[in-house]
Peer 1: 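Got a structure for you, written out below as structure tokens; questions coming shortly.
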Amino acid sequence: MTSTADVMTLAQTLAQTLDAARRERREIPPLTHAHPNLSVPDGYAVQAEGIRLREAQGERRVGLKMGFTSEAKRQQMNLGSPIFGVLTDRMLVPAGGVVHVNAGIHPRIEPEIAFRTSKELKGTVTRDEVLDACSAVFAAMEVLDSRFVGFKYFSLPDVVADNASSSLFVPGTTERGVRDLDLTKLQMRMEVNGKVEGEARSDAISGDPVVSLIQLCALLAERGEVLPAGSLVLSGAATAAYLMKPGDHVKLTVDGLGTVEVTARE
Ligand code: OOG
Ligand code: MG
């Protein structure tokens with residue numbers, strides 16, 4: 001008789017390694033060190049297995065996030081093309097809440113524009129189709145936490161496998177209609193303890209954060225997937241991410257979308 005280990009795929013094994021690292025707050029070497037031929041599609045297969053593990057632990061999918069949609073982020077991580085990751089209910093931190101730095105490995109925070117969808121989006125979609133499918137836009141902060149040593153990985157397959165470094169997200173409470181604002185001209189400012197850490201206009205995100213959703217639909221279609229109705233979508237950070245320290249008070253202000261605040265503790 002074959003044991004489960006014998007029939008486990010490489011994607012399942014790597015997903016278990018990453019999931020254990022996350023739960024035990026342990027850094028691991030990039031997967032491509034031992035598996036140099038790991039491709040981006042392989043990375044998504046590992047990511048999908050990782051989400052299955054989290055679902056088996058009682059988590060529920062609530063949305064998706066795009067990564068590397070701004071030049072600032074691509075430069076910070078030295079990686080070139082947009083990727084996506086999956087958000088679950090357990091990653092949600094309410095606005096004004098607390099992020100426990102020691103519950104993660106080396107969490108970083110970054111400013112984003114988020115959307116909620118009320119209709120499914122599938123395949124090649126136009127800007128108008130995205131706007132018709134979005135019931136709200138709001139400011140959000142994402143807390144990233146790479147499972148890789150020193151928050152360093154040098155390849156897309158690694159970061160894709162690690163669910164695009166997803167850890168937590170903090171949605172703002174001021175929701176607006178997507179046609180009520182010029183989404184390309186929103187000034188975004190992230191302050192830490194009253195000092196400006198990052199500032200950009202919303203068109204730093206894919207030239208237009210709506211374009212991030214068009215790209216997301218295209219990436220999902222490559223895998224035969226859709227963007228479900230009722231999803232929360234992070235369109236990608238407008239600036240580089242900031243390494244959080246206990247005691248930090250982080251505040252994001254976005255034109256027309258109010259503020260989002262969070263406090264870091266041990
Ligand atoms: C990957 C996630 C990138 C963004 O908004 O660009 C991302 C990383 O930075 O490790 O979430
Ligand atoms: Mg992000």
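Just so you know, these numbers use all the heavy atoms, side chains as well, and skip hydrogens, waters and symmetry mates. Order of appearance sets the numbers: ligands from 1, and atoms from 1 within every ligand.
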Peer 1: Please report whether ligand 1 has a polar contact with Phe68, defined as an N or O pair separated by less than 3.5 Å (distance criterion only).
Peer 2: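 Looking only at distances, the answer is yes, because the N/O contact criterion of under 3.5 Å is met.
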
Peer 1: Report the name of the N/O/S atom of Glu110 located nearest to the Mg ion (ligand 2).
Peer 2: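 Of the nitrogen, oxygen and sulfur atoms in Glu110, the Mg ion (ligand 2) lies nearest to OE2.
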
Peer 1: So which bit of Val159 gets within less than 4.0 Å of ligand 1, heavy atoms only: side chain, backbone, both or neither?
Peer 2: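 Looking at Val159 and ligand 1, just side chain atoms fall under 4.0 Å.
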
Peer 1: When you measure from atom 10 (O) of ligand 1 to every protein heavy atom, which one gives the shortest distance, and what is it?
Peer 2: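 For this ligand atom, the closest protein heavy atom is Tyr153 OH, 2.4 Å.
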
Peer 1: When you measure from atom 4 (C) of ligand 1 to every protein heavy atom, which one gives the shortest distance, and what is it?
Peer 2: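 Protein heavy atom with the smallest distance to atom 4 (C) of ligand 1: Glu110 OE2, 3.3 Å.
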
Peer 1: Need the ligand 1 atom indices (1-based, order shown) with element for anything under 4.0 Å from a heavy-atom of Met77.
Peer 2: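 It comes down to these atoms of ligand 1: 9 (O).
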
Peer 1: Does Arg108 make a cation-pi contact with Phe151, if we ask for NZ or CZ under 6.0 Å from the ring centre and within 45° of the axis?
Peer 2: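 Yes, a cation-pi geometry.
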
Peer 1: Could you check atom 9 (O) of ligand 1 against the protein and tell me its nearest heavy-atom contact, residue, atom and distance included?
Peer 2: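 Here the closest protein heavy atom is Lys73 NZ, 2.9 Å.
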
Peer 1: If you have a sec, work out which protein heavy atom is nearest atom 2 (C) of ligand 1 and how many Å separate them, to one decimal?
Peer 2: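 That would be Ala164 O, 3.3 Å.
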
Peer 1: With heavy-atom distances below 4.0 Å as the criterion, list the atoms of ligand 1 near Gly236.
Peer 2: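 In order of number, 5 (O).
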
Peer 1: For ligand 1, note which part of Ile83 has a heavy atom under 4.0 Å away: side chain, backbone, both or neither.
Peer 2: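 No part of Ile83 comes within reach of ligand 1.
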
Peer 1: What is the name of the N/O/S atom of Glu142 that is nearest to the Mg ion (ligand 2)?
Peer 2: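 It is OE1 of Glu142.
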
Peer 1: At less than 4.0 angstrom from any non-hydrogen atom of Phe151, what atoms of ligand 1 do you find?
Peer 2: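 Close to Phe151: 10 (O).
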
Peer 1: Scan Arg90, Arg61, Arg60 and name whichever one has a salt bridge (Lys or Arg N to Asp or Glu O under 4.0 Å) with Glu55.
Peer 2: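 Only one option passes, and that is Arg61.
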
Peer 1: Measure from the Mg ion (ligand 2) to every N/O/S atom of Glu112 and report the name of the nearest one.
Peer 2: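 Looking at Glu112, the N, O or S atom with the least distance to the Mg ion (ligand 2) is OE2.
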
Peer 1: Where does Glu142 meet ligand 1, judged by heavy-atom distances below 4.0 Å: at the side chain, the backbone, both, or neither?
Peer 2: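 The answer is the side chain of Glu142.
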
Peer 1: Strictly under 4.0 Å, does any heavy atom of Ser146 approach an atom of ligand 1?
Peer 2: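 Distance cut 4.0 Å: Ser146 fails for ligand 1.
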
Peer 1: Go through ligand 1 atom by atom and flag the ones less than 4.0 Å from a non-hydrogen atom of Leu144.
Peer 2: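 Per the distance check, 2 (C), 8 (C), 9 (O), 11 (O).
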
Peer 1: Distance under 4.0 Å to a non-hydrogen atom of Glu112: what atoms of ligand 1 satisfy this?
Peer 2: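 Every atom of ligand 1 under 4.0 Å from some heavy atom of Glu112: 5 (O).
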
Peer 1: Determine, stepwise, if the pair Phe84 / Tyr44 fulfils ring pair (Phe, Tyr, Trp, His ring centres under 6.0 Å).
Peer 2: CA-CA 9 Å; Phe84 72 85; Tyr44 280 110; 4.5 Å; yes

Peer 1: Checking contacts here: is it the side chain or the backbone of Gln76 that comes within 4.0 Å of ligand 1, counting heavy atoms only? Could be both or neither.
Peer 2: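 Looking at Gln76 and ligand 1, no heavy atom falls under 4.0 Å.
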
Peer 1: Would you say ligand 1 has an N or O under 3.5 Å from any N or O of Ala237?
Peer 2: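 The answer is yes, given that Ala237 and ligand 1 share an N or O pair closer than 3.5 Å.
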
